[in-house]
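Positions are given from 1, in the same order as the sequence printed here. All values below were derived from every heavy atom in this structure, side-chain atoms included, with hydrogens, water molecules and symmetry-related copies excluded.
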Amino acid sequence: MVRPERTLLAAGALLVTLISTPAIAAETAPETLFTDVRVYDGRGDSLSAPTSVLVRGNLVAEIGDDATAGADAAVIDGGGRTLMPGLIDAHWHTMLIRQTPEQMLFGDVGLINLLAGAEATSTLMRGFTTVRDLGGPSFGLKQAIDSGVVPGPRIWPSGAIISVTSGHGDFRPLSDLPRDSSKPLSRVEELGGAMIADSPDEVRQRAREQLMLGASQIKLTAGGGVASPHSPIDVSTFTPEELGAAVEAASNWGTYVTVHAYTSAAVRRAIDAGVKVIEHGQLIDEDTAKYMAQKGIWLSAQPITQEFFGGMFPPGSDQDQKAAEVMEGTDRLYKLAKKYNLKLAFGTDVLFSEAMARQQGRMLVSLKQWFTPAEILRQATSTNAELLQLSGLRRPYKGKLGVVEEGSFADLLLVDGDPLANIDLLADAERNLLIIMKDGRIYKNTLSE
């Protein structure tokens with residue numbers, strides 16, 4: 001039996017496509033030839049000499065001065081500007097940005113989907129051509145984007161966040177307790193935002209459901225969180241057996257589990273259960289960072305600092321105090337990541353704030369406190385693309401991302417300047433990203449204005 005909320009969710013995604021399509025029309029040509037561009041390939045420390053890049057269909061076909069296009073090709077003179085890969089955000093919540101927590105719990109499903117569609121278009125127009133979605137019912141929106149009827153980034157969906165009773169992601173009011181088999185799923189569970197699982201069998205079932213829906217990876221909350229009302233930040237949530245059940249289910253499908261975790265205890269328990277990626281990690285100690293390096297574990301970190309996350313919660317509230325503790329640990333985390341050469345991905349983890357989402361580029365640029373411009377660009381391009389490949393055959397897009405090389409996807413940005421010399425250019429996408437191409441289609445071209 002199909003739940004009415006699921007039907008409404010699909011209908012809402014369809015409405016997004018119908019309403020959003022006229023806003024931005026993609027320019028499509030059989031071939032596009034970029035001339036006089038300096039290429040940042042996503043891997044190196046410098047730009048190429050002025051050259052040409054030929055896009056054929058949705059792939060980069062040729063790079064070099066001898067690249068030639070057919071008579072019907074679109075030719076773009078780059079004027080010596082930088083051509084680079086589209087940016088990748090490794091921790092994004094496609095469905096949970098423009099809605100408020102109140103709308104999530106009580107609002108109209110159609111509005112939620114319309115807000116998500118509008119935000120997807122804005123994300124693409126900030127130069128983020130791919131996102132790894134770490135929680136939310138993004139499957140319908142992904143289908144709409146992939147079908148070309150609403151502009152947006154490529155989405156690597158996790159589906160519902162899997163949590164435990166009282167864990168990060170359990171937004172139920174206390175009046176819903178105690179829960180037993182006679183009670184329906186909560187509102188957030190019905191919408192596919194989060195699922196509560198309190199045994200290995202329940203975890204296995206919930207993970208398999210997300211895989212059936214199309215998840216490219218599974219997301220669990222292995223420790224407490226900031227935003228959840230009943231989740232102390234120091235707690236470890238899932239048992240080793242429960243974590244192992246999720247890892248088993250994901251591994252059987254050829255993919256992996258990533259976990260939300262801040263503390264050393266939560267991180268170590270997850271690693272020992274077979275988890276491959278840690279989200280956040282702001283409160284780990286040095287021994288745990290060393291342990292992650294030894295085990296080859298990925299750290300998906302975010303610049304959770306006062307600049308971006310300060311003032312999100314009422315002063316003196318429990319959530320405000322938890323946020324302060326996490327923000328204090330960000331500087332230490334990045335220094336540990338550099339010291340032990342951790343596999344480090346970049347993400348932003350924006351929730352319930354359109355205004356903060358607009359700072360996505362600035363959040364990337366803020367990494368200059370710890371990293372060189374080349375290191376920052378690699379994190380948001382080729383390194384994040386390497387992380388995405390952990391999904392194996394569950395990856396939704398079978399091709400090379402995060403690089404500019406022959407045979408890679410034509411997800412490209414033309415930057416008005418040299419971001420290796422001035423990384424701040426990426427903080428203002430509206431002004432400095434002159435062309436945004438995804439999958440061979442141009443969604444923005446201010447050179448033609």
Side-chain angles (χ1 to χ4, degrees), residues 24 26-29 32-44 46-48 50-55 58-60 63 74 76-90 92 120-131 145 151-154 346 348 358-365 367 373-385 388 397 399-405 408-449:
I24 297 176
E27 299 176 17
T28 305
T32 301
L33 180 64
F34 292 92
T35 63
D36 191 18
V37 291
R38 302 186 67 196
V39 175
Y40 171 69
D41 65 4
R43 305 186 194 275
S46 61
L47 303 182
S48 73
T51 189
S52 296
V53 176
L54 176 65
V55 173
N58 69 336
L59 300 177
V60 174
I63 301 175
I76 297 174
D77 181 358
R81 299 177 178 90
T82 302
L83 190 71
M84 63 171 285
L87 299 169
I88 302 171
D89 192 319
W92 193 244
T121 299
S122 294
T123 302
L124 177 62
M125 300 311 289
R126 290 191 292 269
F128 286 85
T129 55
T130 299
V131 297
I145 292 171
R154 301 177 190 269
F346 161 78
T348 53
R358 294 195 199 104
Q359 305 304 311
Q360 195 174 12
R362 283 188 59 224
M363 292 176 77
L364 174 63
V365 168
L367 295 180
E375 289 171 333
I376 294 170
L377 291 180
R378 276 196 293 273
Q379 276 189 48
T381 55
S382 62
T383 300
N384 273 0
L388 296 177
Y397 311 98
K400 290 187 288 185
L401 287 168
V403 293
V404 182
E405 58 187 48
S408 65
F409 279 128
D411 294 3
L412 303 170
L413 309 177
L414 186 67
V415 185
D416 192 15
D418 177 0
L420 288 173
N422 181 13
I423 192 67
D424 289 342
L425 291 169
L426 298 183
D428 189 348
E430 184 176 359
R431 173 176 296 180
N432 299 318
L433 299 187
L434 305 183
I435 291 179
I436 297 173
M437 171 183 279
K438 192 200 85 172
D439 210 37
R441 298 182 176 185
I442 294 178
Y443 290 87
K444 176 184 177 181
N445 182 0
T446 57
L447 283 180
S448 62
E449 295 179 354

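Residues D89 and T348 come closest through the heavy atom pair OD2-OG1, 2.5 Å. Among all heavy-atom pairs drawn from F346 and I88, the shortest one is CD2-O, 3.9 Å. For T381 against G42, the heavy-atom pair with the smallest separation is OG1-O, 3.4 Å. Between D418 and L425, the shortest heavy-atom distance links the atoms N-CD1, 3.6 Å.
The CG atom of D411 lies 10.0 Å from the OH atom of Y397; values are rounded to the nearest 0.5 Å. Distance OG/S408 to CG/L59: 7.5 Å, rounded to 0.5 Å. Here T35 contributes atom OG1 and D77 contributes atom CG; the two are 4.0 Å apart, rounded to the nearest 0.5 Å.
For R38, the CZ atom is densely surrounded, since the number of other residues' heavy atoms within 6.0 Å is greater than 12.
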From CA spacing to verdict: side-chain contact (heavy atoms from CB on, under 4.5 Å), L426, L377: CA-CA 10 Å; L426 298 183; L377 291 180; 3.5 Å; yes
Worked check of side-chain contact (heavy atoms from CB on, under 4.5 Å) between V415 and L433: CA-CA 5 Å; V415 185; L433 299 187; 3.9 Å; yes
Working for side-chain contact (heavy atoms from CB on, under 4.5 Å), residues R43 and V403: CA-CA 7 Å; R43 305 186 194 275; V403 293; 3.5 Å; yes
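For the side-chain contact (heavy atoms from CB on, under 4.5 Å) test with L87, the passing option among I436, L364, T129 is L364; the others fail.
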